[in-house]
Amino acid sequence: MRLCKDEFLLLGGMFQATALMISLFMSEMAYAVIGLLYICFWLAVVAIVFNWVPKFVFRMNDRFPRISVFLASIGWIPYFTVLYALVSTGVDFLVSGSDSITVFLNNYMSVYDVYMAAIVISLLYAAYKVFYKKEDLLMVCEPIGR
C-alpha cells in the first residue's frame with residue numbers, strides 16, 4: 001500500500017476541527033480532552049506511517065467528500081505548530097537571557113500573519129476545488145484488505 005498526503009492532511013484537519021470545537025468550552029475538562037485527543041492524533045499519525053490507516057479516515061472521506069476536502073485543506077496546521085514549536089525551542093536555546101523574549105516576539109507577529117494568510121488561502125483553494133473544479137474528491141489511497 002502506498003501512502004498519500006491526503007491521509008495525513010485529512011487526519012490533521014479532523015483533529016484541528018474537533019479541537020477547535022472542544023476548545024470553545026474553556027474548562028479544565030475541555031483542555032484535558034484536547035490533550036487526550038492530541039495524543040490519539042499522534043498515535044494515529046504513527047499508525048499511518050506504519051501502513052495501518054484508521055478506518056474512520058476513509059469513512060469520513062467516503063461519506064462526506066466535500067467536507068473532507070475542507071478538512072484536508074487545514075490539515076497542515078497541527079504539523080506546522082509542532083514544527084514551529086521545535087524551531088522556537090531551538091532559537092530559544094541559541095539565544096539566551098532576555099534577548100530570547102525579544103527574538104520570540106519579533107518573530108511571532110510575522111509568523112502569525114503568514115499563518116493566518118495560509119489558512120485563508122488553504123480554505124479558498126478548497127472552495128475552488130469543491131465548487132469550481134469539481135474533480136473527483138475521493139482519496140486515491142485504499143486501505144489494506146478493502
- Common cluster, Met116/Ile121, ILVMFWY with side-chain heavy-atom separation under 4.5 Å: no
- Query: Residues in side chain to side chain donor-acceptor pair (under 3.5 Å) with Ser122, at least two apart?
  - Reply: Trp76
- Message: Testing the basics here: between Pro78 and Ile74, what is the closest heavy-atom pair and its distance to 0.1 Å?
- Response: CD-O, 4.2 Å
- Query: Cluster question for you: counting only ILVMFWY and a side-chain heavy-atom cut-off of under 4.5 Å, with indirect links fine, are Leu11 and Tyr38 together?
  - Reply: yes
- Query: What distance do Arg63 atom CZ and Ser68 atom OG have between them, rounded to the nearest 0.5 Å?
  - Reply: 11.0 Å
- Task: For Met21, check side chain to side chain contact (heavy atoms under 4.5 Å, CB included) against everything at least two apart and list the hits.
- Result: none
- What is the distance from atom OG of Ser73 to atom CG of Leu10, rounded to the nearest 0.5 Å? 10.5 Å
- Item | Heavy-atom pair with the smallest gap, counting every atom of Leu9 and Ala72 | CB-O, 3.5 Å
- Query: Do the side chains of Leu123 and Tyr115 join up, straight or via other hydrophobic residues, at under 4.5 Å, putting them in one cluster?
  - Reply: yes
Side chains of residues 25-37: which donor-acceptor pairs under 3.5 Å do they make with residues two or more places apart or in other chains?
| unit_1 | atom_1 | unit_2 | atom_2 | d |
| --- | --- | --- | --- | --- |
| Ser27 | OG | Ala30 | N | 3.2 |

- Return the set of residues passing side chain to side chain contact (heavy atoms under 4.5 Å, CB included) with Leu43 (not counting sequence neighbours), or none when no residue passes. Ile39
- Query: Atom CE in Met14, atom CZ in Phe41: separation rounded to 0.5 Å?
  - Reply: 10.5 Å
- Could I get the full list of side chain to side chain contact (heavy atoms under 4.5 Å, CB included) partners for Ile67, not counting sequence neighbours? Met60, Phe64, Leu71
- Applying side chain to side chain donor-acceptor pair (under 3.5 Å), name anything that partners Tyr79, two or more places apart in sequence or on another chain. none
- Message: Other members of the hydrophobic cluster containing Leu124, with the 4.5 Å side-chain heavy-atom rule, please.
- Response: Val120
- Query: Ile48 and Phe8: which non-hydrogen atoms are nearest, and at how many Å?
  - Reply: CG2-CZ, 3.3 Å
- Any side-chain heavy atom of Ile77 sitting closer than 4.5 Å to one from Phe15? no
